[in-house]
Amino acid sequence: RFLILLSVLISFQKINADIFYSEKYGYYMDLPEAYTLTELEEDETSIFFTHDFLPLSFAVKIYESFSSIEKNEENSKKTTESILKKVLTQIKSPAETASVIWNEKNCAVASLSFSLGNIKNTGYAAAIPLAKNNSTAVLLCYTPQEYWNAVNSAVTSTIDSFMPDRKSFM
């Protein structure tokens with residue numbers, strides 16, 4: 001079991017202080033300073049970061065197996081929006097999304113508003129198609145609502161640090 005975890009951690013390499021790469025899914029993250037990786041599923045489908053100094057949480061969830069969906073622009077928009085709406089519904093956040101072109105990809109974005117226990121959280125979400133494994137990454141970056149005005153630019157920077165492929169990284 002230790003060797004499996006070690007191999008997963010090696011394949012999800014920390015290139016330098018704040019740049020991460022997933023070999024399995026082909027994406028990069030150039031996270032703002034002071035994020036710590038706190039959870040990583042063995043199959044790399046769920047990753048969770050917390051900020052060392054700010055009340056910020058950042059989750060990346062990979063959804064696979066959309067191979068039956070024809071890869072064209074219109075279906076790409078529908079897929080990212082439907083995936084993001086499903087996630088927002090699961091966390092009981094309003095599911096109003098917008099389609100955007102980001103890093104030359106059809107993506108979906110939304111504002112978040114949901115509760116974890118007694119804490120009301122606010123943030124942003126994005127669904128981004130990935131080139132590898134015909135997958136979609138869903139990003140959630142959020143903070144307790146009372147800190148939103150102080151950290152909303154850090155939330156935006158965190159979401160913007162995600163690069164779905166090597167081309168976006170270069």
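What you see below is based on every heavy atom in this structure, not just the backbone, and it leaves out hydrogens, waters and symmetry mates.
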Please report the C-alpha distance between D52 and T36 in whole Å, then the side-chain angles of each, then the deciding distance to 0.1 Å, and finally whether the side-chain hydrogen bond (donor to acceptor under 3.5 Å, both in side chains) criterion is met. CA-CA 7 Å; D52 295 339; T36 299; 2.6 Å; yes
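- Shown here for Y25 and E44, the closest heavy-atom pair between the two residues is CE1-O, 3.7 Å.
- Below 30°, between 30° and 60°, or above 60°: for F49 and F20 the angle between ring planes is above 60°, a perpendicular geometry.
- Looking only at side-chain heavy atoms (C-beta outward), L112 and T122 stay at 4.5 Å or farther from each other.
- The OG1 atom of T97 sits 11.5 Å away from the CD1 atom of I83 when rounded to the nearest 0.5 Å.
- Nearest approach of P144 to N121, heavy atoms of both residues: N-OD1, 3.4 Å.
- For the pairing with S46, the side chain to side chain donor-acceptor pair (under 3.5 Å) check across K61, E41, E39 returns one residue only, K61.
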Does the side chain to side chain contact (heavy atoms under 4.5 Å, CB included) test come out yes or no for Y124 and V109, once each step is laid out? CA-CA 7 Å; Y124 294 131; V109 295; over 6 Å; no
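- Applying the 6.0 Å contact sphere to NZ of K120 captures more than 12 heavy atoms from other residues, nucleotides or ligands.
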Go through it in stages, so that I can follow the logic: the residues are S135 and Y63, the test is side chain to side chain contact (heavy atoms under 4.5 Å, CB included), and I'd like the CA-CA distance, side-chain angles, deciding distance and then a yes or no. CA-CA 6 Å; S135 303; Y63 292 89; over 6 Å; no
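- Checking side-chain atoms of S99 against main-chain N and O of A108 turns up no donor-acceptor pair under 3.5 Å.
- Taking the six-membered ring where tryptophan is involved, the planes of Y142 and F48 are tilted, since the angle between them lies from 30° to 60°.
- Surrounding CD of E96 are at most 12 heavy atoms belonging to other residues, nucleotides or ligands under 6.0 Å away.
- The backbone N or O of K132 sits nowhere less than 3.5 Å from a side-chain atom of K24 that would complete a donor-acceptor pair.
- Proximity of a side-chain donor or acceptor of S93 to a complementary backbone N or O of S113 within less than 3.5 Å is detected.
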Name every donor-acceptor pair, under 3.5 Å, that has one atom in a side chain of residues 151-158 and the other anywhere in the protein, sequence neighbours excluded.
unit_1	atom_1	unit_2	atom_2	d
T156	OG1	N152	O	3.1
S157	OG	S153	O	3.2
T158	OG1	Y35	OH	2.7
T158	OG1	A154	O	2.7

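- Contact detail for A127 and T136: the closest heavy-atom pair is CB-CG2, 4.2 Å.
- Going from atom OG1 of T143 over to atom CG of L54 covers 8.0 Å, rounded to the nearest 0.5 Å.
- Between F53 and H51, the ring planes lie perpendicular to each other; the angle is over 60°, past the 30° to 60° tilted range.
- With F58 as the fixed residue, the side-chain contact (heavy atoms from CB on, under 4.5 Å) test singles out one of L31, L37, T38: L31.
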